[in-house]
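Labels below follow one simple rule: chain letters A, B, ... track the order of the sequence lines, proteins then strands, and each chain is numbered from 1. As the structure is a prediction and not an experimental result, all values here were calculated from the model.
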2 protein chains.
Amino acid sequence: MSKKEGANKNIKSRAPTESDVAKVAGVSQSAVSRAFTPGASVAQSTREKILHAARSIGYQPNLLARSLATRRSNIIALAISNLENPFYAQVVKELSEQLAETGRHILLFTTNAEEDENQALEQALSYQVDALVMAASKASIELTMQCQKAGVPIVQINRETRLPGISTVWGENQRAGELVAAFLHASKHEEYAFVAGTKDSTISQMRQKGFIEYLSSVGKKDVKIVYGDYTFETAAIVARQLLEVEKRPDAIFCASDYMAFAVIDVATREFGLDVPNDLSVIGVDNVPESAHSAYDLTTFSQPAGSLVQEAIIIIDKMIADPGRRAIRCEVAGDLIVRGSAKRPKTGFVNNVTNKIWLP
Amino acid sequence: MSKKEGANKNIKSRAPTESDVAKVAGVSQSAVSRAFTPGASVAQSTREKILHAARSIGYQPNLLARSLATRRSNIIALAISNLENPFYAQVVKELSEQLAETGRHILLFTTNAEEDENQALEQALSYQVDALVMAASKASIELTMQCQKAGVPIVQINRETRLPGISTVWGENQRAGELVAAFLHASKHEEYAFVAGTKDSTISQMRQKGFIEYLSSVGKKDVKIVYGDYTFETAAIVARQLLEVEKRPDAIFCASDYMAFAVIDVATREFGLDVPNDLSVIGVDNVPESAHSAYDLTTFSQPAGSLVQEAIIIIDKMIADPGRRAIRCEVAGDLIVRGSAKRPKTGFVNNVTNKIWLP
DNA sequence: ATGGTTTTTGCATGCGTATGCAATAGTTAA
DNA sequence: TTAACTATTGCATACGCATGCAAAAACCAT
């Protein structure tokens, strides 16, 4: 006989269920269920009686059982990588808080390599999540199909995969590139470089496109492109490669603030350069750290809160009407002018709003 | 008639269940269940037949239903605040990855104010989570009681509440304070200050205790204490207060790296001070950013990975033996010497390991 | 008081999986 | 060949909650 079967039955007492409440309140289990269902058909008096009984025995509804019965778990799966990048930490925080407003919560999946991540996400589907949000994380075709079949909406934040049926929310990527290029060009820079993200990141490609196309249009056709893989370490490595050549760039645009930090670090510490006098650096995201004086980074903003808000709106639409097509949504950003890049001498920046416009 | 009741039944087809698989494979539902249960009693041949049938119709087990039946959800609730602090972002990442190794996942609860957070966590319990991890987040007495009653273990990471039945994992807080004090004193500083966390943070109090007790023992009895509330903004404010007096400190110890960043920012940008020549700053945590050259922060390390690892060990022990008492565990750290604080002239630092010892 | 409404309640069943128990098939030993 | 096992299978039920349906109760107007 195991020692768990002790005399004291408190030790292994089950959590109270609706049936227990029903017994105490002298009603049926269904009545209890209705008492906890907003808008259900119960007399006010019995509802109160039931709630009182529930409180007296410390009843808490079992949300798993509820989810099983209603086919709605109120759980949203979030697949995310690069959590060390403060932008994505912000996304997690925003999503968690905004979902909490409607009583929903995040089931978290952090993904590193892309090998098995989709497998992990299939598992997410097994939890009957109401939707799947992917941030800096790619959906495979198989996963998409599975979601379609299961009727689970997928929303990608800040990531683009041209698969049908996947909704996407992103920032103004191409405009970011153009605006940054215009700003840097107006500030009379000579040698330009772009620190891209990963090679297959469409987001990075769009920023690059805007950047080099604008520069090309003003005669700067030799923009150096390197890949920082969205990580601090790789960005530091490619920054070294950029800066160690004799004709080094004096303007570097980075596909993320986080990589821009690495570039600034390398430039100032390892090459003794002065930012922005020797080198201008501009990023994208406007993470809180960009405002810290250690970096004081000029950057094109990508407001995490708004991206998340749009993502949730999309999720709700897709849930309300499962048949509808994927939704794509662009969230506006702005060039935030700080001290890491030389500013144009003349009327390019609005000193009141700190915003700039294309000449 | 709604348009959802279209002729094409594919649109609203339910996800396949074990019964569907059973029908295809020509066995009973229980056989299918056993085929998916490692170690269950099924013939190898039928298991293969079942798995094949399952694959053919795209069956995925419903983990909610499984959780309901087994009373094990494989979901761990994580309550966390201060996600903007990279240390806690690291905790999330580590916990997620380490739990994934055993097929478990995080249900995330981000908490700001302390008002309703415990209410949110009661809801977590309703999801039948296997355990509750709290990081930089406080458990109320009521919540603790509820967990006890429900048999759900609680583990606090880097937070101390003297409630019975709550397990805790923390770093070497008092030693951190002592070692930092010794290091700063050996480097001949004159005026000392401590930027604490929140007033009620036991962790911060312990660091403070080690710090001022050591300093007191060497005759420095006037250490200024201010509260940075563990936020960047408040830390910046109190840093200004510290530095604007005429007899300003030349050595500031901060209860977290994140606050130390704020102090360095304010000192360098707003007061034009040189770190470390005018002012030495030391933090606690050793977050990745401390190594970035923008801060190059000397700090006492608190390895997130190890803390999380211990937390998981505790969880598993508590689950295996629900009757056992709370476990408290201290994880060792080290002083990581970088450039934000003056170094002692003589044999205090081991130049090989970069570690220091108390004289 | 009576027939007709509208609310409120309970019963029965379903959600998808796990598992004790008994029945069956398969294996071994004599 | 038969008894005695053992490995495998299916049946029935449980997990805790939601909900369609019909019965019961309450209410209303006549």
statement: Picking from D/dC17, D/dC11, C/dG10, the nucleotide nearest the side-chain atoms of A/S30 would be C/dG10
message: What is the distance, to the nearest angstrom, from the CD atom on B/Q44 to the C1' atom on D/dT9?
response: 16 Å
- line: B/S28 has its side chain closest, among C/dT17, D/dT8, D/dC11, to D/dC11
message: Considering every strand and a 4.0 Å limit on heavy-atom distances, what is the contact class for A/T70: base, sugar-phosphate, or nothing?
response: sugar-phosphate
task: Look at the side-chain N and O atoms of A/R47 and state whether any lies under 4.0 Å from the OP1 or OP2 oxygen of C/dT8.
output: no
- request: Check whether any side-chain nitrogen or oxygen of B/T17 sits under 4.0 Å from OP1 or OP2 of C/dG16, and answer yes or no.
  value: no
Rounded distance (nearest 0.5 Å) linking atom CZ of A/R328 with atom CD of A/E310: 14.5 Å
- prompt: Between the base of D/dA18 and the side chain of A/E18, is there a donor-acceptor distance below 3.5 Å?
  reply: no
message: Nearest to the side chain of B/R34, heavy atoms from C-beta on, is which of D/dC17, D/dT9, C/dC11?
response: D/dT9
message: Pick the closest DNA chain D nucleotide for A/L63 and for B/A31 by heavy atoms, then say which residue is nearer the 5' end.
response: B/A31
message: Angle between the end axes of the helix from C/dA1-D/dT30 to C/dA30-D/dT1, five pairs per end, to the nearest 10 degrees?
response: 30°
message: Please report the distance, rounded to the nearest Å, between OH in A/Y127 and C1' in C/dG16.
response: 15 Å
- prompt: Between A/R47 (side chain) and A/A35 (backbone), is there a donor-acceptor pair under 3.5 Å?
  reply: yes
- prompt: Under 4.0 Å between a Lys/Arg side-chain N and an Asp/Glu carboxylate O for B/D130 and B/R104?
  reply: no
message: So, does A/R66 get its side chain near the phosphate of D/dA18, meaning an N or O under 4.0 Å from OP1 or OP2?
response: yes
- prompt: Quick one: which of C/dC15, C/dC11, D/dT19 gets closest to the side chain of A/A69?
  reply: C/dC15
query: Side chains of A/Q90 and A/E94: do they bring a donor and an acceptor to under 3.5 Å?
result: no
message: Before we go on, tell me: are the rings of A/F36 and A/Y59 under 6.0 Å apart, centre to centre?
response: yes
- prompt: Hey, does the side chain of B/T37 reach the backbone of B/A40 with a donor-acceptor pair shorter than 3.5 angstrom?
  reply: no
task: For B/N62 and C/dC15, give me the distance from atom CG to atom P, rounded to whole Å.
output: 12 Å
query: Does the side chain of A/S33 get closer than 4.0 angstrom to OP1 or OP2 of D/dC17 through an N or O atom?
result: no
- request: Could you tell me whether A/V27 contacts a base, only the sugar-phosphate backbone, or nothing, with contacts defined as non-hydrogen atoms closer than 4.0 Å?
  value: sugar-phosphate
task: Output yes when at least one side-chain N/O atom of A/T46 is less than 4.0 Å from OP1 or OP2 of C/dT9, else no.
output: yes
A/Y59 side-chain N/O to D/dC17 phosphate OP1/OP2 under 4.0 Å: yes
task: Looking only at non-hydrogen atoms, find the nearest pair between A/L83 and A/A89 and report the distance.
output: CD2-CA, 3.9 Å
